[in-house]
There are 2 protein chains.
Amino acid sequence: MDVVNFRILEALQEDARMPFTRIGQELGMSSPAISDRVKKMEDLGVIRGYKAIVDPKALGYQFQAMITLRAFVGKLRPLLDKVPQLREVRNCYRITGTENIIMEVVLEDQGHLERFIDLLIAYGETRTHVVLSQVIAQNPLGRPLAKKD
Amino acid sequence: MDVVNFRILEALQEDARMPFTRIGQELGMSSPAISDRVKKMEDLGVIRGYKAIVDPKALGYQFQAMITLRAFVGKLRPLLDKVPQLREVRNCYRITGTENIIMEVVLEDQGHLERFIDLLIAYGETRTHVVLSQVIAQNPLGRPLAKKD
DNA sequence: TCTGAAACTTGCATGGA
DNA sequence: TCCATGCAAGTTTCAGA
């Protein structure tokens, strides 16, 4: 993971479909050299995949919400098993603190929000925060400053 | 936005680098047809871009955290202006509720977490939840069920 | 939306630093 | 180990229908 790899990561986090030839041009390298480095980073798990970023609003999802949940005793494991089946959940984290879980969800309308909360209250106490706007979205990950290599 | 477009979105959310020829094969269409539809969805803002998904741990970030913040009077706007400059912030949302802001951050070590919190307390009261694990990451967005088109 | 041709990109093998 | 070159295979783009 030298400076060149971080430049490549920067480019691919900005546009995952950027051709290796163009990345190579910007770095003064050939495309096979870029290709090799990318493959290596994929194998090492540094790059976990490439995803199209889709706008929920444009698809008809009126709300986005962050929901925290404090699981009832014995209900955390069942919830963790359930969450992957919920198409509304875009991201879900186990966290420290009084709440156990925080998830980012997309909802079609108010009725959908209500049904979704109804589903969750079987597992724990929830707090819902409707998203007003996204200030930062998928900010690229840069090189850690403390890293010495 | 017909069913074909949703199939294309599905494919590109799973792997943004998937060739249009292969998407076309799976849908029984030619690659120019796929290309046209993708370009149209880009122009409409349905597809906002393509990003490589990078593993923070593999880059040397030891912690991930969700931080909520309740801004002091008059401090919300300055914070919103500041947040885009913070490389630690991967996502940031304005939300409803007693907290105004929730952000997902990556941190190199405990000292880094401390410095970051120190920076934030000038703007409001924070609550930090260290991420233990990510249960769901970037779950693809599907077709809204209520949508009629 | 498809076909077909041209331009471009990627993958692979070889060779050099 | 890392990179450049060259070639073959695959992909995207553009025109015309």
Side-chain angles (χ1 to χ4, degrees), chain A residues 1-55 58-60 138 140-149, chain B residues 1-61 137-138 140-144 147-149:
Chain A
M1 286 307 302
D2 58 3
V3 67
V4 174
N5 275 8
F6 277 100
R7 295 282 298 276
I8 295 173
L9 280 184
E10 202 177 313
L12 289 177
Q13 284 182 98
E14 190 198 309
D15 176 9
R17 292 185 71 88
M18 191 181 294
F20 294 157
T21 49
R22 198 145 82 75
I23 300 176
Q25 282 165 15
E26 286 171 19
L27 274 68
M29 291 168 68
S30 70
S31 57
I34 306 297
S35 174
D36 282 355
R37 282 167 171 270
V38 169
K39 196 157 294 165
K40 213 162 283 177
M41 286 193 282
E42 288 171 355
D43 292 344
L44 285 172
V46 174
I47 297 176
R48 303 202 80 86
Y50 308 91
K51 304 223 174 189
I53 306 300
V54 176
D55 182 2
L59 254 47
Q138 297 290 119
L141 220 50
R143 170 180 222 182
L145 299 180
K147 202 80 182 305
K148 26 76 268 346
D149 51 8
Chain B
M1 286 307 301
D2 58 2
V3 67
V4 174
N5 275 8
F6 277 101
R7 295 282 299 274
I8 295 173
L9 280 185
E10 203 178 312
L12 289 177
Q13 284 182 97
E14 190 199 309
D15 177 9
R17 290 185 73 89
M18 190 180 293
F20 294 159
T21 49
R22 198 146 82 76
I23 300 177
Q25 283 165 14
E26 285 171 19
L27 273 67
M29 291 168 68
S30 70
S31 58
I34 305 297
S35 175
D36 284 355
R37 283 167 172 270
V38 169
K39 199 156 293 167
K40 213 162 284 176
M41 287 193 281
E42 289 172 355
D43 292 344
L44 285 171
V46 174
I47 297 176
R48 303 201 80 88
Y50 308 91
K51 303 223 173 190
I53 306 301
V54 175
D55 182 1
K57 282 237 171 48
L59 253 48
Y61 292 96
Q138 297 291 118
L141 219 50
R143 170 180 223 183
K147 202 79 181 306
K148 25 70 269 347
D149 50 9

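Residue numbering restarts at 1 for every chain, and letters A, B, ... go by the order of the sequence lines. Note that the structure is a prediction, hence the values are computed from the model and not measured.
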Between B/M18 and B/R22, the two heavy atoms sitting closest are CE-NH2, 3.8 Å
Can you check whether [X] reaches [Y] side chain to side chain, under 4.5 Å on heavy atoms?
| X | Y | value |
| --- | --- | --- |
| A/Q138 | A/Q13 | no |
| A/M1 | A/L9 | yes |
| A/V38 | A/F20 | yes |

5′-ward residue of the pair A/D36/A/R17 relative to DNA chain D = A/D36
Nearest-Å distance for atom pair [atom1]/[atom2], residues [X] and [N]:
| X | N | atom1 | atom2 | result |
| --- | --- | --- | --- | --- |
| A/Y50 | C/dT10 | OH | C1' | 13 Å |
| A/M41 | D/dC2 | CE | C1' | 14 Å |
| A/I34 | D/dC2 | CD1 | C1' | 12 Å |
| A/I23 | D/dA4 | CD1 | P | 14 Å |
| A/L12 | C/dT9 | CG | P | 15 Å |
| A/M18 | C/dC8 | CE | C1' | 16 Å |
| A/R37 | C/dG11 | CZ | C1' | 18 Å |

Which protein N or O atoms sit under 3.5 Å from an N or O of nucleotides 13-17 of chain D?
from, atom 1, to, atom 2, distance (Å)
D/dT13, OP2, B/S35, OG, 3.2

Can you confirm whether more than 12 heavy atoms, excluding those of [X], are under 6.0 Å from its [atom1] atom?
| X | atom1 | result |
| --- | --- | --- |
| B/E26 | CD | yes |
| A/R17 | CZ | yes |
| A/E42 | CD | yes |

Report the distance from atom CD1 of A/I8 to atom CD1 of A/I23, rounding to the nearest 0.5 Å.
-> 6.5 Å
Axis-to-axis angle across the helix from C/dT1-D/dA17 to C/dA17-D/dT1, five pairs each end, nearest 10 degrees, ~ 30°
Check: A/N5 main-chain N/O paired with A/D2 side-chain donor or acceptor under 3.5 Å = yes
Using a heavy-atom cut-off of under 4.0 Å over every strand shown, decide if A/G28 touches base, sugar-phosphate, or nothing.
-> sugar-phosphate
Between [options], which nucleotide gets closest to the side-chain atoms of [X]?
| X | options | answer |
| --- | --- | --- |
| A/A33 | C/dT9, D/dT12, D/dA4 | D/dA4 |
| B/M29 | C/dC2, D/dC2, D/dT5 | C/dC2 |
| B/T21 | D/dC2, D/dT11, C/dT1 | D/dT11 |

Distance check: side-chain N/O of A/K40 vs OP1/OP2 of D/dT1, anything under 4.0 Å?
-> no
Please determine if a side-chain N or O atom of A/R22 lies less than 4.0 Å away from the OP1 or OP2 oxygen of C/dC8.
-> no
